[in-house]
Amino acid sequence: RSRLGDEAMPTPSSNAPDSSPFSNDGGASPSAIERVLRGSGRRHHLPTAASPDAMDTDVAEPAAASLADCGAQSRPEGGPHASMDDAGGGGGGSGGHAPRPPLSGPRSGFRRLGLRGMKQRLLVVANRLPVSANRRGEDQWSLEISAGGLVSALLGVKDVDAKWIGWAGVNVPDEVGQQALTNALAEKRCIPVFLDEEIVHQYYNGYCNNILWPLFHYLGLPQEDRLATTRNFESQFDAYKRANQMFADVVYQHYQEGDVIWCHDYHLMFLPRCLKEHDINMKVGWFLHTPFPSSEIYRTLPSRSELLRSVLCADLVGFHTYDYARHFVSACTRILGLEGTPEGVEDQGKLTRVAAFPIGIDSDRFKRALDIDAAKRHVNELKQRFAGRKVMLGVDRLDMIKGIPQKILAFEKFLEENPEWIDKVVLLQIAVPTRTDVPEYQKLTSQVHEIVGRINGRFGTLSAVPIHHLDRSLDFHALCALYAVTDVALVTSLRDGMNLVSYEYVACQGSKKGVLILSEFAGAAQSLGAGAILVNPWNITEVADSIKHALTMTSDEREKRHRHNYAHVTTHTAQDWAETFVCELNDTVAEALMRTRQVPPDLPSRTAIQQYLQSKNRLLILGFNSTLTEPVESSGRRGGDQIKEMELKLHPDLKGPLRALCEDESTTVIVLSGSDRSVLDENFGEFNLWLAAEHGMFLRPTDGEWMTTMPEHLNMDWVDSVKHVFEYFTERTPRSHFEHRETSFVWNYKYADVEFGRLQARDMLQHLWTGPISNAAVDVVQGSRSVEVRSVGVTKGAAIDRILGEIVHSKSMVTPIDYVLCIGHFLGKVILH
Ligand SMILES: O=P(O)(O)OC[C@H]1O[C@H](O[C@H]2O[C@H](CO)[C@@H](O)[C@H](O)[C@H]2O)[C@H](O)[C@@H](O)[C@@H]1O
Ligand SMILES: O=c1ccn([C@@H]2O[C@H](COP(=O)(O)OP(=O)(O)O)[C@@H](O)[C@H]2O)c(=O)[nH]1
């Protein structure tokens with residue numbers, strides 16, 4: 001190897017041959033690269049990101065029509081499911097409300113005017129429309145409001161110019177029927193997505209309710225014993241994607257520039273991606289109503305990466321609790337290898353905001369309902385029926401996650417241990433049938449009936465049974481009456497995104513101040529934990545004890561507990577929830593535009609190619625790692641996302657194009673990398689190009705010997721101390737490794753547990769800063785999964801000048817370089833020591 005040093009690697013101004021394109025600079029000695037560019041006589045300016053359209057921040061009038069109105073408009077004619085009807089007593093859901101004060105501060109974004117001075121519109125996209133449709137003739141439909149947590153929450157949202165896009169819950173194969181239903185729904189500001197029976201079976205019953213729902217509630221994936229079922233899962237996932245695309249198609253038809261699109265729930269995890277692929281400027285938010293499980297549970301899902309990546313296409317991703325948000329970020333870091341920040345998840349400079357937005361209810365609607373005659377009648381009836389007995393209430397969909405068997409068993413245990421309460425307490429369990437086509441739900445129904453029958457047989461008397469179990473939903477006023485008269489509400493969900501029943505119970509207990517027993521595994525435990533008695537529903541003894549505690553609680557304690565919860569429920573309303581989310585989404589999009597300007601823009605490929613074709617003497621400077629290498633993620637197996645290669649390898653697809661560039665006489669190619677010489681030799685030995693290893697400290701043409709471009713007096717006294725620190729951390733961080741190069745040390749944890757690796761890196765940096773090298777002339781550079789220590793002066797920037805001098809000299813270049821393209825890996829975090 002020859003040593004070039006300052007002598008052998010002269011500055012181009014003094015040592016370039018006379019015929020060099022750089023020799024007529026007029027005395028100044030600009031760097032080689034500056035002169036290369038000057039020789040070309042022009043600079044290429046990469047286009048900056050387009051400036052955003054000005055955001056009009058005027059305050060809009062509240063929207064005239066709202067989804068809240070749906071409740072009143074679609075009141076069925078005495079239909080059995082009039083349950084979600086509004087109790088406002090005439091004129092829709094907003095009747096009787098005091099006007100809300102104008103929003104201020106960050107919330108003002110919600111009422112911003114959209115583009116062209118139009119009121120901002122909100123497209124709510126959810127699996128189910130807030131109505132269920134019944135066909136009454138070829139072109140006749142009657143519409144009923146359907147039950148469910150999401151429905152309740154969004155019915156509480158007023159002052160929004162909103163439209164709802166979703167499935168109406170019926171199969172409508174004929175065009176006449178579809179058109180008639182579309183027209184009927186339009187009056188309710190609803191837009192249908194038509195799903196046929198097969199897709200509903202595969203997408204809704206199959207992928208949504210048999211796979212995602214149990215998994216997200218920690219019940220695991222279904223265990224099957226036939227290969228055919230596995231294939232079935234794959235076809236269900238395909239149907240899921242197709243169904244999401246069908247929702248997207250309807251959104252495209254109704255979208256207007258400036259609209260906010262709010263996608264809901266696990267049914268539509270693929271939607272953000274479909275929408276952004278159609279129009280990157282759509283403002284897309286996604287909110288999950290269920291828990292997001294720990295990444296250890298989530299990572300069992302075969303399509304885990306595809307779904308995460310799709311959700312990350314949204315601008316804002318929301319969850320009920322901080323824990324769910326944390327789990328999601330953790331899944332993105334561990335499964336996709338992305339960076340989690342306090343703001344959200346970052347991928348190549350693009351941030352997806354992730355935050356907690358706990359839902360609430362329209363508490364006024366429940367309070368008002370109790371003043372309606374129908375509700376008062378129900379209250380009186382119930383008081384008479386259960387006079388002399390304490391009444392406990394359970395209201396749940398008949399779902400595995402609601403812990404209904406556990407609840408009933410705890411009640412049995414309570415009666416067993418406290419026989420004096422037999423005949424003095426009754427449990428009313430409203431079990432709303434749900435997803436009745438899914439076999440697991442059918443099994444649960446039989447199981448619950450069996451337990452209830454047994455307990456009633458055991459503790460019932462001629463005059464009374466301890467459990468009243470109803471497999472049906474109640475109308476809204478009957479439900480409110482039940483909430484108001486009962487002494488204890490018992491919520492024993494094994495997992496529950498939020499659980500609005502607990503909120504509704506509190507809202508209706510203004511006078512009675514009953515006790516709420518609440519599962520610690522419901523999202524609501526985060527907000528109502530202070531006033532409720534929290535229980536672990538799996539601990540039957542604890543729940544039984546809590547029942548006794550609740551039934552015997554002093555009125556003082558009940559009042560105190562109720563006050564806490566009531567204050568929360570009446571101030572954190574559904575409307576606040578929606579306002580906050582939409583406001584945050586607007587702000588997130590605006591901030592993202594600012595951030596985009598700070599990130600280097602994408603290479604304008606078309607311009608780069610045109611300029612290339614027009615130029616005479618070109619220089620291509622290419623990085624290696626993450627520029628020309630195979631991606632570390634992706635195993636090549638279908639649906640897989642495992643780490644594949646430990647060794648850095650030139651991407652096989654790039655070999656052909658690279659060879660073509662190297663063979664072009666008018667193009668000089670340099671691979672400039674932090675890697676050591678052997679790695680570059682191995683990957684590029686066969687090409688006709690220049691290799692610059694260790695950040696340019698070593699250089700060779702592939703047909704020549706390595707030479708060094710290292711500054712003469714590079715101080716390497718720090719090496720032993722750093723090696724010691726790196727060994728220490730490598731031993732303690734499984735799957736991390738370090739490379740000892742001639743001019744630097746690199747500790748790499750890209751194959752280690754990401755979160756542990758990051759903690760270790762932070763610790764290592766502390767050691768390096770405060771330890772024996774704290775005064776050494778080194779730079780410490782933090783990469784996304786690495787820590788590198790190198791002597792001051794060992795940088796690609798410093799080396800390129802010397803490298804170009806050498807290349808120009810050795811090739812005896814006469815034609816000015818008129819094209820320089822530099823492609824490398826953007827290192828976000830750099831710490832200079
Ligand atoms: O329409 P279904 O399939 O019968 O299900 C009804 C709804 O169930 C889920 O509700 C969740 O949302 C609530 C409000 O955020 C929350 O309190 C509860 O804990 C969740 O289970 C589901 O997420 C909805 O999409 C369904 O409409
Ligand atoms: O007969 C009934 C029983 C319940 N609900 C409503 O169903 C929702 C249940 O929401 P929750 O968040 O508790 O659980 P989810 O069923 O959404 O999982 C609540 O708003 C209840 O008012 C109803 O409309 N009719």
Side-chain angles (χ1 to χ4, degrees), residues 71 80-87 124-130 132 144-156 166-169 200 203-205 208-210 212-213 216-217 263-268 287-292 318-321 324 357-363 365-366 369 393-403 428-438 441 470-483 489 491 493-505 507-508 518-519 521-528 574 577-578 581:
H81 292 283
S83 52
M84 306 299 293
D85 205 345
D86 194 272
V124 174
V125 196
N127 173 58
R128 287 293 288 267
L129 287 173
S132 37
E144 296 170 3
I145 298 291
S146 50
L150 171 58
V151 172
S152 295
L154 286 169
L155 280 178
W167 173 50
V200 169
Y203 143 79
Y204 180 64
N205 294 332
C208 291
N209 290 337
N210 198 34
L212 292 182
W213 178 268
F216 283 12
H217 290 88
C263 313
H264 287 267
D265 235 350
Y266 60 99
H267 313 92
L268 299 177
F287 186 87
L288 183 66
H289 290 264
T290 69
F292 192 90
F319 299 91
H320 280 313
T321 71
Y324 307 158
F357 300 88
I359 202 170
I361 60 166
D362 180 2
S363 52
R365 177 169 169 258
F366 285 84
L393 177 66
V395 178
D396 308 274
R397 274 180 311 104
L398 191 44
D399 194 304
M400 293 74 75
I401 66 148
K402 300 290 181 180
L428 300 183
Q429 176 61 48
I430 311 300
V432 181
T434 183
R435 306 171 193 175
T436 45
D437 293 336
V438 181
Y441 288 76
L470 269 63
D471 274 344
R472 51 166 290 202
S473 61
L474 296 180
D475 80 48
F476 183 61
H477 297 116
L479 182 63
C480 291
L482 263 185
Y483 283 146
V491 176
S493 309
L494 307 180
R495 295 278 165 179
D496 213 337
M498 179 56 87
N499 191 277
L500 294 180
V501 163
S502 51
Y503 276 56
E504 293 166 5
Y505 177 73
C508 292
L518 177 59
S519 164
F521 298 113
Q526 309 278 329
S527 39
L528 304 182
W577 167 70
F581 187 92

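Indexing begins at 1, ligand by ligand and atom by atom, following the structure's order.
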Do we see a donor-acceptor contact under 3.5 Å between the side chains of Tyr441 and Asn205? no
Backbone of Ala478 reached by a side-chain donor or acceptor of Asp475 within 3.5 Å: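 Yes, Asp475 side chain to Ala478 backbone: donor-acceptor pair under 3.5 Å.
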Hey, does Lys402 sit under 4.0 Å from ligand 2 if you only count heavy atoms? yes
Report yes or no: does Met498 have a heavy atom closer than 4.0 Å to ligand 2?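 For ligand 2, residue contact (heavy atoms, under 4.0 Å) with Met498 is absent.
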Taking atom CG of Leu393 and atom CG of Leu428, what is their separation to the nearest 0.5 Å? 6.0 Å
Looking only at distances, please establish whether an N/O atom of ligand 1 is found under 3.5 Å from an N/O atom of [X].
{"X": "Trp213", "result": "no"}
{"X": "Asn499", "result": "yes"}
{"X": "Gly497", "result": "yes"}

Which atoms of ligand 2 are found less than 4.0 Å from any heavy atom of [X]?
{"X": "Val501", "value": "13 (O)"}
{"X": "Val432", "value": "1 (O), 2 (C), 3 (C)"}
{"X": "Glu504", "value": "19 (C), 20 (O), 21 (C), 22 (O)"}
{"X": "Val395", "value": "3 (C), 4 (C)"}

Can you tell me which residue among Tyr503, Phe287, Phe319 is in a ring pair (Phe, Tyr, Trp, His ring centres under 6.0 Å) with Trp577?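 Of the listed options, the one satisfying the test is Phe287.
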Any N or O of Trp213 that comes nearer than 3.5 Å to an N or O of ligand 2? no
